Structure formats: C-alpha cells, structure tokens
2 protein chains.
Amino acid sequence: MARGNTKRLITEAAVQVAAQHGISGASMDQIAEAAGVAKGSLYYNFASKDALFEEVIRDGFGRLAEAIDAAREGAEPTAAPRAVAAATLETLRGNLDLAKLMASEVFRTDRPWAGAMELARSSVVVRFSDVLRAARPGAEITETAGAAFFGALAGACLDWLLFRPDQPVDQVLDQVLFGI
Amino acid sequence: MARGNTKRLITEAAVQVAAQHGISGASMDQIAEAAGVAKGSLYYNFASKDALFEEVIRDGFGRLAEAIDAAREGAEPTAAPRAVAAATLETLRGNLDLAKLMASEVFRTDRPWAGAMELARSSVVVRFSDVLRAARPGAEITETAGAAFFGALAGACLDWLLFRPDQPVDQVLDQVLFGI
DNA sequence: GTCTATAAGGAGATAGAC
DNA sequence: GTCTATCTCCTTATAGAC
C-alpha cells in the first residue's frame with residue numbers, strides 16, 4: 001500500500017473517531033482499527049497523536065477556506081455573504097464528522113496543536129469578515145462579526161444536520177441570514 | 001463538610017478541568033485534586049463520571065436559560081434580542097470555563113448524557129427563537145434561526161474572551177447584531 | 001460522609017520481525 | 001512500509017477503614 005494512501009486512511013479514520021469522542025477520547029487503537037491498519041503504522045506516518053491531529057485540523061480548515069474563496073470569486077459583493085454561507089453549509093454537510101470535530105475543539109487553547117488551530121480558525125474568520133465588509137461598505141465591521149457569522153453558520157448547520165435533517169438547505173440559509 | 005457544599009466543589013472543579021481537556025480528557029483524579037477532595041468522595045456524591053457531567057450540563061444550561069428569561073421580562077419585544085444577547089454574553093463571560101465546555105460538547109450525540117444535553121440545548125434554542133419571533137411579527141422564524149443566533153453569540157463571545165478580550169461588551173454586541 | 005488502597009483494564013508510545 | 005508484541009503509566013471504579 002502506498003504511503004500517501006495510508007496517511008489519508010489514517011486521517012479520515014481519525015476524523016471519524018474523534019467526531020464521536022473528542023480528540024482526547026479518541027484512542028490510537030480505535031483509529032488504527034477504523035483505518036484498517038496496525039497501530040505501528042500510525043506511528044510510522046505521524047510522530048505522535050498530537051501531530052496526527054494537527055494535520056487533521058489544518059486539512060479541515062484548509063478545505064473550508066478553499067470553498068469560501070471559490071464561492072466568493074463567482075459572486076457580486078452584495079450577494080457574496082449568501083454565496084459564501086451556502087458554500088460553507090455544503091462543505092460542512094459533506095464533511096459532517098469534520099464539522100463536529102472542529103466545533104468541539106476550535107476553542108481549546110492549551111494543547112500542543114492549539115497554535116495551528118488558532119491560525120486555521122483565524123484564517124476562516126478573516127475571510128468571513130472581509131465578505132461582510134465588502135457587502136456593507138458603510139458599516140464598521142471587525143473580525144468579531146466574522147466570528148459571529150462563522151458561529152451562526154456552524155450552530156445552524158449542526159442543528160440542521162443532527163436534529164432537523166429534513167429541512168432544505170435554502171430554508172436553513174434563510175434562517176441564518178434573516179437579519180442580513 | 002456538608003454534602004451540598006462538597007457536591008458544588010466537585011461540579012465546579014469538573015467544569016474547570018473539562019474546559020481544558022474536554023469531558024473525555026478530564027480524569028476523575030484531576031477533578032478530585034482540583035476540588036480538594038479524595039476521589040472516593042466523587043463516587044460517593046455521583047454514581048459515575050457520566051452522572052457527574054450530566055449534572056454539570058443541566059446546571060450550565062439552566063443558568064443560561066434563567067438569565068435569558070430575566071432579560072426578556074424587562075424588555076420591549078423589539079428591544080428583547082439585544083437585551084437577551086447582552087445577558088447571554090454576560091453569563092458566558094462570568095462562566096468562561098462553562099462556556100468552553102458547553103461549546104465543545106453540545107453537539108455530541110452518542111454519549112450517556114447526550115439526551116440531557118440535547119434537552120438543555122433545545123430549551124435555550126427555543127428561547128432564542130421565541131425572542132426573535134416576537135421582535136419580528138411578520139417574519140417566518142423557525143428554531144434554526146434560534147440555533148444560528150445562539151451560535152453567533154457563542155462564537156463571538158469566545159472569540160472575544162479568548163483572543164480579543166480588550167473589546168468593550170457593547171462593541172461585541174454591535175458586531176453580533178449588525179444585521180438584526 | 002470522606003478517606004486510602006487497590007483492582008482490572010486501556011492509554012500512548014516503542015522495538016524489532018518481515 | 002506495515003506488522004505484532006510489549007513496556008509503562010494512567011484510567012474508572014470499588015472496598016473497607018475511620
């Protein structure tokens with residue numbers, strides 16, 4: 001089995017296991033079993049459990065940042081908040097385990113990977129702030145508004161996918177943006 | 001030492017430890033040490049680690065629900081969203097460890113205490129939805145909007161307290177409510 | 001009602017065969 | 001590059017003294 005593929009198997013299994021139990025509650029044994037590889041292979045491909053999850057975190061937020069950028073490119077500034085929100089909801093829906101994992105670990109500030117986490121979170125928050133600013137040239141918009149927008153999307157999206165999955169995505173979008 | 005007091009010492013220590021490491025990562029040994037009691041006392045006062053955190057969860061969301069109700073009572077319907085948002089920010093600021101804990105565990109659906117968690121979360125989401133509906137009699141507002149409002153407040157509040165603590169609370173409030 | 005001591009099993013990580 | 005076997009420490013929970 002090629003190394004690149006094994007690494008991907010491991011990170012995907014890590015996401016799946018940690019979405020249920022949290023990073024602390026996810027054991028390397030469980031991850032190895034979910035990935036279908038031996039525990040030794042985890043430690044060949046990653047220096048430690050912390051290094052493994054640092055990569056998971058970077059990948060996860062990176063994927064979200066790319067989706068935001070793509071959605072923003074194709075939209076007028078005033079329409080961009082809705083386009084970006086839609087892209088975010090779709091990305092989170094397509095990576096539900098990752099979304100749960102991010103939501104549960106994003107505000108942890110005292111772990112080895114906390115620096116990488118804050119860098120990744122911040123890059124997404126900045127994107128949201130920029131989109132809001134461009135849509136409302138007059139308003140005073142700081143990164144706190146971006147954090148609020150991000151929180152609104154994450155909160156509504158997980159409420160939707162976990163507890164009210166029958167809603168159409170447009171309805172969720174309307175509810176998130178009802179004031180914008 | 002009276003039993004009521006010991007229980008409170010334990011729950012407060014549990015919040016403090018779990019805010020850092022998550023519930024899975026918080027050990028009963030750490031909690032006992034932080035509470036200043038022996039581990040045996042934890043198991044005298046609570047049937048298990050899961051039972052302990054079920055009480056922590058119920059207490060936490062109960063406190064938030066009370067603050068929301070109090071803020072709503074004293075405000076006109078159109079001013080209620082801001083009043084409720086302010087009360088929420090103040091409550092979370094006064095219980096930062098609890099806020100971190102709630103944010104990180106609220107979407108966990110496969111734990112023994114998941115039922116209690118969803119009941120508690122839902123009671124808060126319903127309150128937010130009601131406040132928004134009363135403020136905008138014409139609009140179609142579902143509980144998803146309440147979940148989004150809750151998410152926006154939690155996201156902005158933790159961004160504020162953890163990474164931009166110098167902002168005045170009114171400015172945070174303005175950023176969260178900029179579209180409402 | 002709170003303590004100490006301990007049981008039984010799971011954790012992260014490593015060594016060495018293949 | 002992946003495996004199995006193993007080390008050591010930490011985990012939840014219980015038993016029984018005080």
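Every chain is numbered from 1 and lettered A, B, ... according to where its sequence line falls, protein lines coming before strand lines. Keep in mind that what you see is a predicted model, and the values were worked out from it rather than measured.
Under a hydrophobic-cluster definition in which Ile, Leu, Val, Met, Phe, Trp and Tyr are linked whenever side-chain heavy atoms come within less than 4.5 Å, directly or via other members, A:Val56 and A:Leu92 are assigned to different clusters. A continuous path of Ile, Leu, Val, Met, Phe, Trp and Tyr side chains, each step under 4.5 Å between heavy atoms, connects B:Leu158 with B:Val169, placing both in one hydrophobic cluster.
Side chains of B:Gln171 and A:Thr144: no donor on one and acceptor on the other come within 3.5 Å. Side chains of B:Ser104 and A:Arg108: a donor-acceptor N/O pair is present below 3.5 angstrom, by distance only.
Atom-to-atom, CZ of A:Arg111 to C1' of C:dG12 comes out at 14 Å; the value is rounded to the nearest Å. B:Ile31 places its CD1 atom 11 Å from the P atom of D:dT11, with the value rounded to the nearest Å. Computed from coordinates, the B:Lys7 NZ to C:dT2 P distance equals 11 Å when rounded to whole Å. Rounded to an integer number of Å, the gap from CD of B:Glu33 to P of D:dC10 is 13 Å. Atom OH of A:Tyr44 is separated from atom C1' of D:dA5 by 20 Å (rounded to the nearest Å). Summarising the geometry, the separation between CG on B:Leu42 and C1' on C:dT4 is reported as 15 Å, rounded to the nearest angstrom. Summarising the geometry, the separation between CG on B:Leu52 and P on D:dA13 is reported as 10 Å, rounded to the nearest angstrom. If you take CG of A:Asn45 and C1' of D:dG1, they are 8 Å apart, rounded to a whole angstrom.
Nucleic acid contact for A:Ala32: none, since no nucleic acid atom lies under 4.0 Å from a heavy atom of the residue. B:Ala26 comes within 4.0 angstrom of sugar-phosphate atoms only, judged by non-hydrogen atoms across all strands, and of no base.
Minimum heavy-atom separation, B:Arg58 to B:Ala116: NH1-CB, 4.0 Å. Of all non-hydrogen atoms in B:Glu105 and B:Met117, the two that sit nearest each other are O-CE, 3.4 Å.
Put simply, A:Asn5 has no side-chain N or O that comes within less than 4.0 Å of OP1 or OP2 on D:dG1. The phosphate of D:dC10 (OP1 or OP2) has no side-chain N or O of B:Ser27 nearer than 4.0 angstrom.
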Please tabulate, one pair per line, each protein N/O and nucleotide N/O from nucleotides 13-18 of chain C that are separated by under 3.5 Å, including the distance.
from   : atom 1 : to      : atom 2 : distance (Å)
C:dA13 : OP2    : A:Tyr43 : OH     : 3.0
C:dA13 : OP2    : A:Lys49 : N      : 3.1
C:dA13 : N6     : A:Lys39 : NZ     : 2.7

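Taking only side-chain atoms of B:Ser41, from C-beta outward, the nucleotide of C:dT2, D:dT11, D:dT2 with the closest atom is C:dT2.
Side-chain atoms of A:His21 and B:Ile23, non-hydrogen and from C-beta on, never get closer than 4.5 Å to each other.
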